[in-house]
Amino acid sequence: MQIDIISAVPELLDSPLNHSIVNRAKDKNLVEINIINLHDYGLNKYKQIDDTQYGGGAGMVLMVEPLYNCINDLQKNTVYDEIIYLTPDGNTYNQKMANALSLKGNLLLICGHYKGIDERIREHFVTMEISIGDYVLSGGELAAAILTDSIVRLIPGVLNDIESALSDSFQDDLLSPPVYTRPADFKGWKVPDVLLSGHDKNIDDWRLEQSLKRTKERRPDLL
Ligand code: 6GU
């Protein structure tokens, strides 16, 4: 899988995409992640990428031409399955979308900034618009990092134990059950007996029961 990310602030993506599971996936050649600096496509001697909006109003808008040139350049080498614009007015992201995206070959993510991007890029290039929740971020980079992390960990072979992805919260529309590790008794705080019983069927039953209880209490909308 290849994930290309266009950003005006590429530094924001360095750390989140260079650690742990995403790094492991890159090392195993299961994913290639390219960060493209929009400033490389800036106009004139100022390398301009944004301008004030027509009609007036506060806030800068990413201009059509740098984005157009950047996307065109990338499309010379790559055919994208989806061109995704990260924006608070997009469809709210969830695990089902992550699962579907993890099956794609090549993705292009576009991070907006300031007031957003010129609408003509959305009309002519963008195939999906995604928000990560009902709050406003300064830019799409952190959202792009979240998408990338959630997608990459689902690519077959990235996690050692595929079970651990399949049993995540949300994967079956249920929240995960509580988990414990050693010691079995910490200052009198005890691990539930059933988990120490070695009885697989009882453990599975307990976990499902806890998942249902948790989901009912915290996220009844999922049931
Ligand atoms: Cl994808 N971008 C921005 N700027 N803010 C957001 C968002 C995206 N999702 C939620 N808030």
Side-chain angles (χ1 to χ4, degrees), residues 1-19 21-22 31 33-42 48-68 70-71 74 80-104 106-155 168-171 175 218-219 221-222:
M1 175 176 227
Q2 181 179 325
I3 303 179
D4 295 345
I5 307 175
I6 301 173
S7 166
V9 196
E11 300 80 12
L12 279 173
L13 290 161
D14 284 347
S15 180
L17 299 181
N18 281 306
H19 288 288
I21 287 172
V22 176
V31 68
I33 299 174
N34 303 302
I35 317 273
I36 299 97
N37 189 343
L38 187 60
H39 288 97
D40 293 345
Y41 294 86
Q48 186 182 358
I49 57 167
D50 59 2
D51 206 341
T52 54
Q53 55 177 315
Y54 278 121
M60 303 294 274
V61 174
L62 292 181
M63 300 163 81
V64 64
E65 190 174 347
L67 277 167
Y68 178 94
C70 178
I71 297 168
L74 294 170
Y80 293 104
D81 297 297
E82 300 288 352
I83 298 183
I84 302 170
Y85 174 45
L86 285 316
T87 175
D89 61 6
N91 294 316
T92 308
Y93 194 55
N94 61 28
Q95 190 64 39
K96 277 193 185 67
M97 292 156 85
N99 291 344
L101 290 173
S102 75
L103 301 173
K104 307 271 182 183
N106 301 318
L107 300 176
L108 177 60
L109 309 186
I110 303 173
C111 304
H113 250 265
Y114 321 110
K115 275 287 161 195
I117 65 175
D118 191 297
E119 187 69 18
R120 289 166 288 189
I121 294 292
R122 299 171 73 160
E123 286 167 8
H124 296 285
F125 286 111
V126 170
T127 61
M128 287 181 88
E129 301 190 320
I130 294 179
S131 160
I132 60 163
D134 291 342
Y135 42 83
V136 179
L137 303 168
S138 320
E141 282 76 10
L142 297 178
I146 284 170
L147 244 72
T148 303
D149 184 287
S150 64
I151 292 166
V152 166
R153 62 194 297 287
L154 294 170
I155 299 171
D168 284 338
S169 275
F170 295 109
Q171 203 53 265
L175 302 184
R218 302 178 184 196
R219 292 294 306 276
D221 57 298
L222 294 175

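Read the numbers this way: they start at 1 and go in the same order the structure lists the ligands and their atoms. Fair warning: this is a prediction, and the values are worked out from it, not measured in the lab.
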G112 near ligand 1, heavy-atom distance under 4.0 Å? no
N or O contact, A143 vs ligand 1, cut-off under 3.5 Å: no
Can you find an N or O of Y135 that's nearer than 3.5 Å to an N or O of ligand 1? yes
Per-atom contacts of ligand 1 with I132, taking only distances under 4.0 Å to non-hydrogen atoms: 9 (N), 10 (C)
Proximal atoms of ligand 1 relative to I130 (non-hydrogen, under 4.0 Å): 1 (Cl)
Taking atom types as modelled and ignoring hydrogens, do the side chains of [X] and [Y] form a donor-acceptor contact shorter than 3.5 angstrom?
{"X": "E129", "Y": "T87", "value": "no"}
{"X": "T127", "Y": "Y80", "value": "no"}
{"X": "D4", "Y": "N34", "value": "yes"}

Looking at D89, I'd like to know if its CG atom is crowded, meaning that more than 12 non-hydrogen atoms belonging to other residues, nucleotides or ligands lie closer than 6.0 Å. yes
For Y68, does the OH atom sit with more than 12 other heavy atoms under 6.0 Å from it, leaving out its own atoms? no
At what distance is the nearest protein heavy atom to [atom], and which residue and atom is it?
{"atom": "atom 10 (C) of ligand 1", "value": "G133 O, 3.0 Å"}
{"atom": "atom 1 (Cl) of ligand 1", "value": "T87 N, 3.1 Å"}
{"atom": "atom 3 (C) of ligand 1", "value": "P88 CD, 3.5 Å"}
{"atom": "atom 5 (N) of ligand 1", "value": "L137 N, 3.1 Å"}

Could you give me the CA-CA distance, side-chain angles and deciding distance for D168 and R153, then say whether salt bridge (Lys or Arg N to Asp or Glu O under 4.0 Å) is met? CA-CA 11 Å; D168 284 338; R153 62 194 297 287; 2.7 Å; yes
With the side chain counted from C-beta on, respond yes when I121 and I71 share a heavy-atom pair under 4.5 Å apart, and no when they do not. yes
